[in-house]
*Asks:* 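This is the structure, below, for whatever I ask next.
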Amino acid sequence: MTPRQGTAPQQTRPHAAARPARWAADAVAMMREGARVRLDYSAQSLWRVDRVIEEIRREGPPYDAVRETLRGLGAYAGEVIVRQAGAEWWASGGDHWVRTPDGRLWDPIEEARRCYGGHGSLRLLCRDALG
């Protein structure tokens, strides 16, 4: 079947997911080696991720010093949603979201930034996305 003329092609999961999946894998490795925390892509593991972000926030490093870490932890939360809910990554203009089967879009990378600011929770975002 060929696409109809005038319709925009959708990005496939491999393309849209490549970067956030890599960021998530890097975060898993960083947490295992640096913080001795094992992450298994379960919804329960996001309790630990929220606590790690809170600990980082309490230490008070400037945002620029933790930007990549937060991006990785947000991507990890997104991968949890993708794996648990059968969701998929969507990308546009350098931003990445997770789209759940019900059509809702979630921004776990932004939620990680909100956590760092003391106003978010990756665990609760995942619970809502899976609910």
*Asks:* Show the nearest heavy-atom pair for residues M30 and T69, with the distance to one decimal.
*Replies:*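 Looking at all heavy atoms of both residues, the closest pair is CE-CG2, 3.8 Å.
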
*Asks:* If I compare all heavy atoms of H96 with all of D107, which pair ends up nearest, and what's the gap?
*Replies:*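 Closest approach of H96 to D107: O-OD1, 3.8 Å.
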
*Asks:* Contact between R127 and L124 at the side-chain level, heavy atoms closer than 4.5 Å - yes or no?
*Replies:*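 Result yes, sub-4.5 Å side-chain heavy-atom pair found.
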
*Asks:* If you group Ile, Leu, Val, Met, Phe, Trp and Tyr whenever their side-chain heavy atoms sit less than 4.5 Å apart, what else falls in with W47?
*Replies:*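 When side chains under 4.5 Å apart are linked, W47 ends up in no cluster with other residues.
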
*Asks:* So, applying side-chain contact (heavy atoms from CB on, under 4.5 Å) with V98, which one of P20, C126, P108 is it?
*Replies:*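 Single side-chain contact (heavy atoms from CB on, under 4.5 Å) partner of V98 among P20, C126, P108: P108.
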
*Asks:* Any donor and acceptor pair, going by atom type alone, linking the side chain of E111 with main-chain N or O of S121 inside 3.5 Å?
*Replies:*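 Yes, because the side chain of E111 sits within donor-acceptor range (under 3.5 Å) of the backbone of S121.
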
*Asks:* Do you reckon I109 sits in the same ILVMFWY cluster as W90, going by side-chain contacts under 4.5 Å, direct or chained?
*Replies:*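 Result: no, two separate clusters.
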
*Asks:* Between L122 and D50, which heavy-atom pair has the shortest distance, and what is it?
*Replies:*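 The answer is N-OD1, 2.8 Å.
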
*Asks:* Do I81 and L125 have side chains that get closer than 4.5 Å, going by heavy atoms?
*Replies:*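 Answer yes - side chains close enough.
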
*Asks:* Is the side chain of R114 donor-acceptor paired with the backbone N or O of H119 at a distance under 3.5 Å, no angle test?
*Replies:*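 Such a contact is found between R114 side chain and H119 backbone.
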
*Asks:* Looking only at non-hydrogen atoms, find the nearest pair between D128 and R104 and report the distance.
*Replies:*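 Residues D128 and R104, closest heavy atoms: O-NH2, 3.5 Å.
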
*Asks:* Are E79 and W89 close enough that a side-chain donor and a side-chain acceptor fall under 3.5 Å?
*Replies:*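 Checked: E79/W89 side chains pair up, N/O donor to acceptor below 3.5 Å.
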
*Asks:* Hey, can you tell me if Y63 and Y116 have their rings parallel, tilted or perpendicular (30° and 60° cut-offs)?
*Replies:*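 Rings of Y63 and Y116: tilted, 30 to 60°.
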
*Asks:* When you group the ILVMFWY residues by side-chain heavy-atom contacts below 4.5 Å and let the links chain together, are W23 and V80 in the same group?
*Replies:*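 No, because V80 and W23 fall into different hydrophobic clusters, even though each may have its own neighbours under 4.5 Å.
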
*Asks:* Can you tell me how far the CZ atom of R51 sits from the CZ atom of R123, to the nearest 0.5 Å?
*Replies:*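 Answer for the CZ-CZ pair, R51 versus R123, is 10.0 Å.
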
*Asks:* Can you find a heavy atom in the side chain of M31 that is under 4.5 Å from one in the side chain of L73?
*Replies:*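 When only atoms from C-beta onward are counted, L73 and M31 do touch, with a gap below 4.5 Å.
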
*Asks:* Any donor-acceptor pair under 3.5 Å linking the side chain of R19 with the backbone of A16?
*Replies:*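 No, the answer is negative, given that no donor and acceptor are paired below the 3.5 Å cut-off.
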
*Asks:* I'd like to know whether E68 forms a side chain to side chain contact (heavy atoms under 4.5 Å, CB included) with R71, so could you lay out the CA-CA distance, the side-chain angles of the two residues, the decisive distance to 0.1 Å, and finally the verdict.
*Replies:* CA-CA 5 Å; E68 302 294 316; R71 181 183 69 184; 2.6 Å; yes

*Asks:* Report the relative orientation of the aromatic rings in Y76 and Y41; use parallel for angles under 30°, tilted for 30 to 60°, perpendicular for over 60°.
*Replies:*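 Y76 vs Y41 ring planes: tilted.
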
*Asks:* For the CD atom of E110 and the CG atom of L70, what is their distance to the nearest 0.5 Å?
*Replies:*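 Here the rounded value is 10.0 Å.
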
*Asks:* To the nearest 0.5 angstrom, please state how far the OG atom of S42 sits from the CD atom of Q84.
*Replies:*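 Here the interatomic distance stands at 7.0 Å.
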
*Asks:* With sequence neighbours left out, write down each residue that passes salt bridge (charged side-chain N to carboxylate O under 4.0 Å, His left out) with E54, or none if nothing qualifies.
*Replies:*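 If we apply the salt bridge (charged side-chain N to carboxylate O under 4.0 Å, His left out) test to E54, skipping adjacent residues, the hits are R57, R58.
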
